[in-house]
Amino acid sequence: MAPKPTEDTLSFPPQAGGPATPTRREWGGRCEQVAEGAPAGGGCAVPLDVTLSSDLVDEGVIAEGGMSWVHRVFDRKFGRRLAMKVLKPDCSERMRRRFQQETLITAQLDHPAIVPVHCVGSDERGRPSRFTMKMVEGETLAELLDRTGRPLRGDALAEFVRNMVRVCDALAFAHSRGIVHCDLKPDNLMLGRFGEVYVMDWGVALARDGHALTVPEELAPTDSVCGTPEYMPPEQAQGRLDLIDERCDVFALGAVIYEAMTLVPPRSGVSPSEVLLEAAWGSVTPPDEFDEDDPPPAELCDITMKALAPAPGDRYFSAEEMRMALERFLHAGAWFTRRRFAAGSCVIREGDRGDRAYFVEQGRCVVYCGKGADRQVLRELGPGELFGELALFASDVRVASVECVTDAVLLEVSEHAVDRELPEGSWTRRMLDTLGRRFVEYDRERR
């Protein structure tokens, strides 16, 4: 018997006016969003109810959704395994149009990060009823986050961001073909066993021409646009078809990165209607406010919040622009944590052994030596200035204290961040280590 479907994804009318009945069917961690009116599916032991060529051998159902099954089939001619998506025979006419749309859209997207369609089969009336595609071995991002059980940090976060760069490439390609995914989320990002990354499930994608949706009338959804509210931009949650464009996928990509850093999506609620309402009108809590002890890198938080801007015009205008921001983050030494200090706080103390430096992002700080009547102010620091840097290259005690004159926001540069950019053994690292030691020796002699 198939597991009971859950109801936590919404379909809604193309004009604002309140959500329709939510419909999401999920089996064994694999899910497929469907519009209202689709019939409940059968179990995962359903036989393949189509006539296969003599070269294909059915090996059973591996996933099931509201309107289709996915079978594993063996291609005896080429000695390979494929996935075959098969439309359920009792689904509604509307779902047939949706399946036909998915077939045509996916077949047009020939990109390394999009699973290719091999061939399409039709029913007795000549309508697409199944298609075969590459079999992907791996896990979804959702399964990875569940398995990890904690927000991504350090090397795991760096690898994740590299994967998101490749997702941006896939989305940019789809957008260049006039296709908007409309349902990007961790469930629909597959990570292969050998480093592959795939954007999956184009079942609710929409086709555009210029600035207008141009899904052919015979394929167009009649009364709703589907998606997952936890990852939707406001215009999609409000049913504004006229505003859906590439920036909807930019928002959803920001939502995916947000969840990787926090383990929760940007939107949440106790009911589907509450989630949809929050998606339509609510704000997003910045990801660095979830864990003050181990916040994610500040620049990645800034990239994410720009992608999640409520107004489309305030987001990255394309997946390509967001890809460039993520690459700059990866290669420009941006693995810094943002720390907030109240006025009067002592950030570093003379005589302590240090292991990190700080950039002043906001506010002002004062550098001083001594205590009480012997206190001597050396200089004042403002936005853009750095202090404590010698601790990163020469293990020694602090030679001065730094105190916040005003409330301040500082970017913390740890030894780990330096190791990421300047690995041990590299010539630049050896040179900076040497310079640091020589400066400390000179400072001792001068004192």
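Between Leu206 and Leu241, the shortest heavy-atom distance links the atoms CD1-CD2, 4.1 Å. Residues Pro265 and Glu259 come closest through the heavy atom pair CB-OE1, 3.9 Å. Residues Gly363 and Val360 share a closest heavy-atom pair of O-CG1, 3.5 Å. Annotation for Ala174 and Trp202: closest pair CB-CH2, 3.6 Å, computed over non-hydrogen atoms. Residues Ser68 and Phe99 approach most closely at CB-CE1, 4.3 Å, considering heavy atoms. Here the shortest heavy-atom pairing between Val250 and Ala319 reads CG2-N, 3.9 Å.
Salt-bridge check for Arg147 with Glu139: passed, with a basic side-chain N closer than 4.0 Å to an acidic carboxylate O. Salt bridge status for Asp245 with Arg247: present, with a side-chain N to carboxylate O gap under 4.0 Å. Ion pair Arg323/Asp169 flagged as a salt bridge, since at least one NZ, NE, NH1 or NH2 atom sits closer than 4.0 Å to an Asp/Glu carboxylate oxygen. Taking the charged nitrogens against the carboxylate oxygens, Arg76 and Asp55 have no contact shorter than 4.0 Å, which rules out a salt bridge. Under 4.0 Å is where a charged nitrogen must lie from a carboxylate oxygen, and between Arg338 and Asp302 at least one such pair does. Under a 4.0 Å N-O distance rule, the pair Asp75/Lys77 does not qualify as a salt bridge. Ion pair Arg356/Glu412 flagged as a salt bridge, since at least one NZ, NE, NH1 or NH2 atom sits closer than 4.0 Å to an Asp/Glu carboxylate oxygen.
A distance-only check finds a donor-acceptor pair linking the side chain of Arg315 to the backbone of Pro310 [under 3.5 Å]. Between the side chain of Glu230 and the main chain of Leu276, no donor-acceptor pair closer than 3.5 Å is present. The closest donor-acceptor contact from the side chain of Gln108 to the backbone of Leu104 lies under 3.5 Å. Remark: side-chain polar atoms of Glu159 are not paired, donor with acceptor, to backbone N or O of Asp155 under 3.5 angstrom. Checked by atom type and distance alone, the side chain of Glu196 pairs as donor or acceptor with a backbone atom of Phe194 at under 3.5 Å. Side-chain atoms of Glu361 never come within 3.5 Å of backbone atoms of Gly384 as a donor-acceptor pair (strictly under, hydrogens ignored). His181 places a side-chain N or O within donor-acceptor distance of the main-chain N or O of Asp201, the cut-off being under 3.5 Å. Ser345 places no side-chain N or O within 3.5 Å of a backbone atom of Val347 that could act as its donor or acceptor partner. The main-chain N or O of Glu235 is never found under 3.5 Å from a side-chain atom of Gln238 such that the two would form a donor-acceptor pair. Judged by distance alone, with hydrogens and angles left aside, the side-chain atoms of Ser176 form a donor-acceptor pair with the main-chain N or O of Phe173 at under 3.5 Å.
In the displayed structure, Met324 atom CE is contacted under 6.0 Å by at most 12 heavy atoms of other residues, nucleotides or ligands. In the displayed structure, Asp146 atom CG is contacted under 6.0 Å by more than 12 heavy atoms of other residues, nucleotides or ligands.
Checked against Leu189 for a side-chain contact (heavy atoms from CB on, under 4.5 Å), the options Thr140, Asn163, Val199 give a single hit: Val199.
A side-chain donor-acceptor contact under 3.5 Å links Asp183 and Thr228. Counting only N and O atoms by type, the side chains of His71 and Asp58 include a donor and acceptor under 3.5 Å apart.
Here the CG atom belonging to Asp249 is positioned 11.5 Å from the OG atom belonging to Ser318, to the nearest 0.5 angstrom. Summarising the geometry, atom CG belonging to Asp288 is positioned 4.0 Å from atom SG belonging to Cys301; distances are rounded to the nearest 0.5 Å. Rounded to the nearest 0.5 Å, atoms CG (Leu253) and NZ (Lys185) are 15.0 Å apart.
Classified by interplanar angle (parallel below 30°, tilted 30° to 60°, perpendicular above 60°), the ring pair Phe290/Tyr258 is perpendicular.
Counting heavy atoms from C-beta outward, Arg96 and Arg94 have side chains that stay 4.5 Å or more apart.
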